[in-house]
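One structure is given below, encoded as structure tokens.
Side chains included, hydrogens not; waters and symmetry mates left out as well; all remaining heavy atoms used. Every chain is numbered from 1, with letters handed out A, B, ... down the list of sequences.
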Amino acid sequence: MPKKDDTNFFEQVYAIVEQVPKGRVTTYGAIAKSLGSGLSARMVGWAMNTCHGDPRIPAQRVVNRNGQLSGKAHFGTPTRMQELLEKDGVAVKNDTVQDFAKRFWDPAIELAL
DNA sequence: TTATTGACGGGTA
DNA sequence: GTACCCGCCAATA
């Protein structure tokens with residue numbers, strides 16, 4: 001039998017990112033922390049990097065702790081990520097999410113409710 | 001096999 | 001606010 005696996009970790013990340021409500025954003029660290037294993041945010045970034053082929057993943061809603069669109073360069077165009085966020089109702093300026101603290105959506109809390 | 005890189009985070013100076 | 005360092009795990013060369 002083929003090893004399905006697919007790094008269960010990545011699926012965990014995808015599951016959370018898909019659950020991010022529109023108009024909200026989360027951070028790599030928050031996702032890693034919600035996985036609760038002391039995973040490194042880098043792995044979350046790696047998971048997103050492998051997300052190519054899964055257009056269902058709203059990666060634009062995932063930013064770093066700085067609220068910066070760190071992964072915008074991985075979209076089709078360097079402005080694609082900002083466009084998507086603004087379309088979701090998230091104000092973005094200078095590749096940075098405005099009111100990030102208010103837009104912040106913590107899976108470790110929201111999913112726990 | 002080892003070394004380097006990577007969509008990061010947190011702490012310290 | 002800015003700069004620098006360490007940690008963390010996986011993939012690639």
Side-chain angles (χ1 to χ4, degrees):
Chain A
M1 63 176 282
K3 51 180 165 70
K4 178 49 181 64
D5 207 27
D6 264 355
T7 50
N8 194 288
F9 172 71
F10 294 151
E11 275 192 23
Q12 300 290 347
V13 177
Y14 300 150
I16 292 173
V17 176
E18 287 184 86
Q19 288 168 86
V20 176
K22 179 182 171 191
R24 300 275 193 226
V25 292
T26 188
T27 70
Y28 301 94
I31 295 171
K33 188 175 182 179
S34 74
L35 294 176
S37 303
L39 296 163
S40 16
R42 265 202 182 116
M43 297 298 85
V44 179
W46 257 108
M48 303 312 296
N49 189 24
T50 61
C51 87
H52 283 265
D54 291 297
R56 56 176 180 156
I57 311 297
Q60 70 278 11
R61 292 177 186 162
V62 185
V63 297
N64 61 8
R65 72 171 185 91
N66 224 359
Q68 296 178 291
L69 284 54
S70 45
K72 75 186 181 80
H74 289 260
F75 285 72
T77 57
T79 56
R80 185 63 180 275
M81 190 171 186
Q82 181 172 331
E83 294 282 305
L84 291 168
L85 285 171
E86 291 185 311
K87 192 160 65 79
D88 278 351
V90 179
V92 180
K93 193 71 172 179
N94 192 18
D95 300 329
T96 307
V97 176
Q98 301 304 289
D99 299 305
F100 176 63
K102 295 193 297 185
R103 299 291 185 177
F104 179 52
W105 181 84
D106 190 341
I109 296 175
E110 303 298 317
L111 296 178
L113 294 174

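- Within a heavy-atom distance below 4.0 Å of DNA chain B, no residue of residues 76-98 of chain A is found.
- Between the NZ atom of A:Lys33 and the P atom of C:dC8 there is a distance of 16 Å, given to the nearest Å.
- Following rounding to the nearest Å, A:Phe9 (CZ) and C:dC8 (P) show an atom-to-atom distance of 14 Å.
- Residue A:Ala47 is out of contact with every strand shown, counting any heavy-atom pair closer than 4.0 Å.
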### Query
What do the steps show when you test A:Gln19 against A:Trp105 for side chain to side chain contact (heavy atoms under 4.5 Å, CB included), and what is the final call?
CA-CA 10 Å; A:Gln19 288 168 86; A:Trp105 181 84; 4.2 Å; yes
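- In this structure, A:Leu35 atom CG and B:dG9 atom P are separated by 14 Å, rounded to whole Å.
- Annotation: side chain of A:Tyr14 is in contact with side chain of A:Arg56 (closest heavy-atom distance under 4.5 Å).
- Taking atom CE of residue A:Met48 and atom C1' of nucleotide C:dA11, one finds them 17 Å apart after rounding to whole Å.
- Comparing the C1' positions of C:dA3 and B:dA7 gives an interatomic distance of 22 Å, to the nearest angstrom.
- Computed from coordinates, the A:Asn49 CG to C:dC9 P distance equals 19 Å when rounded to whole Å.
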### Task
Could you please spell out the steps behind the side chain to side chain contact (heavy atoms under 4.5 Å, CB included) verdict for A:Ile16 and A:Leu111?
CA-CA 9 Å; A:Ile16 292 173; A:Leu111 296 178; 4.1 Å; yes
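- The distance from atom CG of A:Leu39 to atom P of B:dA7 is 19 Å, rounded to the nearest whole Å.
- If you take CG of A:Asn66 and P of B:dG9, they are 8 Å apart, rounded to a whole angstrom.
- Not counting sequence neighbours, the partners of A:Asn66 by the side-chain hydrogen bond (donor to acceptor under 3.5 Å, both in side chains) test are A:Gln68.
- Contact annotation: the side chain of A:Cys51 never approaches that of A:Phe10 to less than 4.5 Å [non-hydrogen atoms, C-beta and beyond].
- Following rounding to the nearest Å, A:Tyr28 (OH) and C:dA10 (C1') show an atom-to-atom distance of 16 Å.
- Listed nucleotides C:dA11, B:dG9, B:dA7 differ in distance to A:Trp46; the shortest reach to its side chain belongs to C:dA11.
- Among the nucleotides B:dA7, B:dG6, C:dC8, the one closest to the side chain of A:Met43 is B:dG6.
- Counting only heavy atoms from C-beta on, A:Thr27 has its side chain closest to B:dG9 among B:dG9, C:dC9, B:dA7.
- Partner A:Asp88 forms a side-chain hydrogen bond (donor to acceptor under 3.5 Å, both in side chains) with one of A:Arg61, A:Arg103, A:Arg24, A:Lys22 and no other, that one being A:Arg61.
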#### Entry: Chi angles and distances behind the side chain to side chain contact (heavy atoms under 4.5 Å, CB included) call for A:Val25, A:Val20
CA-CA 7 Å; A:Val25 292; A:Val20 176; 5.9 Å; no
